[in-house]
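The block underneath contains the structure these notes are about, expressed in structure tokens.
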Amino acid sequence: MINPETLVCTRVQQAVAALYGAVDPALVQVSKTRKEFEGDYTLVTFALLKTSRKSPEATAQEIGQWLTANAPEVCAFNVIKGFLNLSLTDGFWNGMLSEISGDDRYGFAPPSDRTVMVEYSSPNTNKPLHLGHIRNNLLGYSVAEILKANGHNTLKVNLVNDRGIHICKSMLAWQKFGDGETPESSGKKGDHLVGDYYVAFDKAYKAQIKELTANGMPEEEAKKQAPIMLEAQQMLRRWEAKDPEVYALWERMNGWVYDGFEQTYRSLGVSFDHTYYESNTYLLGKEIVQKGLESGVFFRKEDGSVWIDLTADGLDQKLLLRGDGTSVYMTQDLGTAVERFDQYRLDDLVYVVGNEQNYHFQVLKLILDKLGYAWAGHIFHLSYGMVELPEGKMKSREGTVVDADDLMAEMVATAHEMAQEMGKLDGLNSEEVDQISRTVGMGALKYFILKVDPRKTMLFNPKESIDFNGNTGPFIQYTHARIKSLARRAAGQGIDPTGWIDLQRTLEPKETELIKLLAEFAPAVRQAGNEYSPAVIASYAFELAKEFNQYYHDYPILKEEVAAADKRFRTGLAVEVARILKRAMGLLGIEVPERM
RNA sequence: GGUUCCGUAGCUCAGCUGGAUAGAGCAACAGAUUUCUAAUCUGUAGGUCUAGGGUUCGAAUCCCUACGGAAUCACCA
């Protein structure tokens, strides 16, 4: 299917070639005409003046005349300063609409035979997920869906950080203060329960530091000597030695956490094709270090630790293996990257990880490149900004985090309340009520997060709860629901909107605008894929919904006074809008209801 | 201090491969409903695009400098 903007570009190139001789296609700048001017697409002529050797106005006039005479799709033009505004025929737009409606995969690219892995979520198992994780999960899921829509074979993976000192802290605190508490005995969600003990550890730790410093020990020393910290470190060593008692406790408590995460993931609507556990992967990468040593990319210090010197690249020296031979974060990331590219024959690997790790990924790519892996340039760090509260950054240990489960429950409850107040839920059974509340509440949350550019730090103010009006998920969902309601009514009147195509039909300006927007869906999906940005899709969906609401307000569709042919056409157009809204929102992981 | 990212309306954000008079939403104010679903629509008001310089016919957009903010520069992950 041809994109109208591309078509106009091609036509202009033909015109310029016929009038002035061949030009560099890059000089042909076509964009959508601004709303305040007459026309569909605009050619900016300034870049062409060297070729035409005429004034901007004269150039625009000549090209406009050539196009109306020779390009079948162009029916009119006007010139304002150096801008040539072109109007396409209703026949063209009608044809466009019928092509879109006839393509049940419209907007999705054909298979690209590229395989792309998206790693996201990657939680620690010592505490429940919070708002920052929500952004990560929604971004990862959505980006994967967008890449899929771009035709790529896509793998979603999660790398769970299930080992390390932080888990030992929770374990130790549970042993000391837990009194055998379990999710079953307390009714607490497993990840929350384990998180509570992480907090308990920190409390006890701080108390011990205070005591030690009160007795005259310097604070730095106290942090190292606090008995509970020494115990945690001891526990980590026992875990690494696979001490059966510690290992069993670790498995048990991690199990609780996984049950909790599972529930959160289900509420969020995210999923994974494969889950990695660091306890299985943390030893990977050591042979790569060996290889790097042999090839001279890495070097060994006196204490036996292995490093790479990146000072020539403007970075620092980076540790790759400790003196005792154990691996660090970078070691295992090198290992997993190599394993993944080998195992899945990846073309691209996308890491959805916060911007606090920009440096790490910069180094990772550089090292892989120096080791000679040709695919190093195909690693992409989708670096997203932090979610901040009005008071600043969230801190788990200070209890200022916005808990993921709480927030979702609150959103759903708010959606329920509002719907009830507006009487939207009258006559529905409780299952439908729950379903709609969940869809709308989660839609509001997801859209709120995904509409902003991933790179940017975003602000969340819990006191001014997330909106349900304006540029929001529910606004788009509502537009969809209204169209569905319209479609049901049409069916009741025996109106079949399929097959309404009439190339001779005269279009209202708003109808042309809607078709133009529908035609922009495919390019939007491509752009979102190239930029790894769900925000592109969110903006698109909002534009389309807003445009439709204006149209629906101004033009009757199924009212009595409307002629039969108009009823059919307008219903058909509306149904197309609903279909694309649903598809766009699907790329964001947002459901759209049939009614609300 | 080095590196990277960000700075657009009171607030939250679009626009950034250079193009016409910088756009939305929220909040404020004024309207539209015996509803084809008002979770909607219309209008008013709100701007030195942080500042200064440069490139250009043309700069919110590209380059430089300054200012302000964030992240990072661990034998944590």
Side-chain angles (χ1 to χ4, degrees), chain A residues 26 29 31 33-37 42 44-47 49 56 80-83 85 122 124 159 161 163-166 278 282 301 303 305-307 313-316 318-324 326-330 332-333 354-360 362-363 383 385-386 388 390 392-393 415 418-419 421-424 440 444 448 451-453 455-461 464 466-479 481-486 489-490 493 535-536 538-539 542-543 545-546 549-560 562 567 570-571 574 595-596:
Chain A
Q29 301 169 4
S31 54
T33 302
R34 286 190 168 215
K35 282 210 168 156
E36 59 264 38
F37 301 104
T42 298
V44 184
T45 58
F46 297 102
L49 302 183
I80 298 168
K81 296 193 226 169
F83 298 89
N85 299 319
S122 307
N124 290 349
L159 174 56
N161 179 12
R163 60 166 279 280
I165 190 75
H166 50 284
E278 277 197 18
Y282 81 108
K301 287 192 177 174
D303 65 354
S305 57
V306 179
W307 297 73
D313 297 278
L315 304 172
D316 304 297
K318 188 80 189 172
L319 177 83
L320 296 166
L321 211 56
R322 294 191 184 102
D324 62 7
T326 57
S327 54
V328 291
Y329 183 34
M330 186 59 77
Q332 64 174 296
D333 259 11
N355 61 12
E356 58 206 349
Q357 291 192 36
N358 286 354
Y359 183 73
H360 173 77
Q362 201 184 344
V363 171
S383 158
M386 300 289 105
E388 287 189 351
K393 216 184 154 182
M418 292 179 68
E421 267 174 39
M422 291 185 283
K424 299 279 184 185
V440 174
F448 176 82
K451 77 172 176 184
V452 343
D453 182 334
R455 285 172 304 165
K456 290 196 174 175
T457 304
M458 63 178 290
L459 186 89
F460 174 72
N461 189 342
E464 301 168 10
I466 293 171
D467 273 321
F468 286 72
N469 301 319
N471 186 0
T472 66
F475 173 91
I476 298 164
Q477 291 174 320
Y478 180 63
T479 308
R482 278 167 100 195
I483 296 175
K484 284 301 184 177
S485 157
L486 190 74
R489 181 180 289 261
Q493 293 182 18
V536 170
S539 300
F542 175 62
E543 274 307 309
K546 196 169 56 158
N549 282 334
Q550 289 169 6
Y551 174 66
Y552 196 28
H553 183 265
D554 294 347
Y555 294 89
I557 292 182
L558 289 177
K559 286 185 178 167
E560 270 180 48
V562 181
K567 280 187 183 174
R570 290 174 184 178
T571 307
R595 65 184 82 225
M596 67 184 270

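Atoms considered below: every heavy atom in the structure, side chains included; atoms not considered: hydrogens, waters and symmetry mates. We name chains A, B, ... by the order of the sequence lines, and we start the count at 1 in each one.
In this model, the phosphate group of U42(B) is approached by a side-chain N or O of Gln550(A) to a distance below 4.0 Å at OP1 or OP2. Side-chain N/O atoms of Asn549(A) include one lying less than 4.0 angstrom from OP1 or OP2 on C41(B). Contact annotation: Lys81(A) reaches the phosphate of U21(B) (side-chain N/O to OP1 or OP2, under 4.0 Å). Contact check, Arg34(A) against A20(B): a side-chain N or O comes under 4.0 Å of OP1 or OP2. A sub-4.0 Å separation between OP1 or OP2 of C36(B) and a side-chain N or O of Arg482(A) is absent. Under 4.0 angstrom from either OP1 or OP2 of G7(B) there lies at least one side-chain N or O belonging to Lys456(A). Between Arg322(A) and C76(B) there is a side-chain polar atom (N or O) within less than 4.0 angstrom of OP1 or OP2. Residue Asn471(A) has no polar side-chain atom (N or O) positioned under 4.0 Å from OP1 or OP2 of C26(B).
At a threshold of 4.0 angstrom between heavy atoms, the contacts of Phe468(A) include nucleobase atoms, whether or not backbone atoms are also involved. Residue Phe460(A) is out of contact with every strand shown, counting any heavy-atom pair closer than 4.0 Å. Val452(A) comes within 4.0 angstrom of sugar-phosphate atoms only, judged by non-hydrogen atoms across all strands, and of no base. Using a 4.0 Å heavy-atom distance criterion, Gln29(A) is classed as a base contact. Among the atoms of the strands shown, base atoms are found under 4.0 Å from some heavy atom of Thr42(A).
Spacing of C1' atoms, U61(B) relative to C49(B), comes out at 10 Å, to the nearest Å. With both ends at atom C1', the span from A20(B) to A70(B) equals 36 Å, rounded to whole Å. The C1' atoms of A9(B) and U55(B) are separated by 30 Å, rounded to the nearest whole Å.
No hydrogens or angles considered: a donor-acceptor pair under 3.5 Å links the side chains of Arg482(A) and Asn549(A). Residues Gln357(A) and Tyr329(A) bring a donor and an acceptor atom of their side chains to less than 3.5 Å of each other. At a cut-off of 3.5 Å, with distance as the only test, a side-chain donor of Tyr359(A) or Asp316(A) sits close to an acceptor on the other residue.
A salt bridge does not link Asp324(A) to Arg322(A): none of the charged nitrogens lies less than 4.0 Å from a carboxylate oxygen.
Residue Thr45(A) holds its OG1 atom at 12.0 Å from NZ of Lys81(A), rounded to the nearest 0.5 Å.
Heavy-atom distances to RNA chain B give each of Leu459(A) and Leu558(A) a nearest nucleotide, and the one nearer the 5′ end belongs to Leu459(A).
A stacking contact between Phe542(A) and A24(B) is absent: the pair does not combine a ring-centre distance of less than 5.5 Å to the base's six-membered ring with planes differing by less than 30°.
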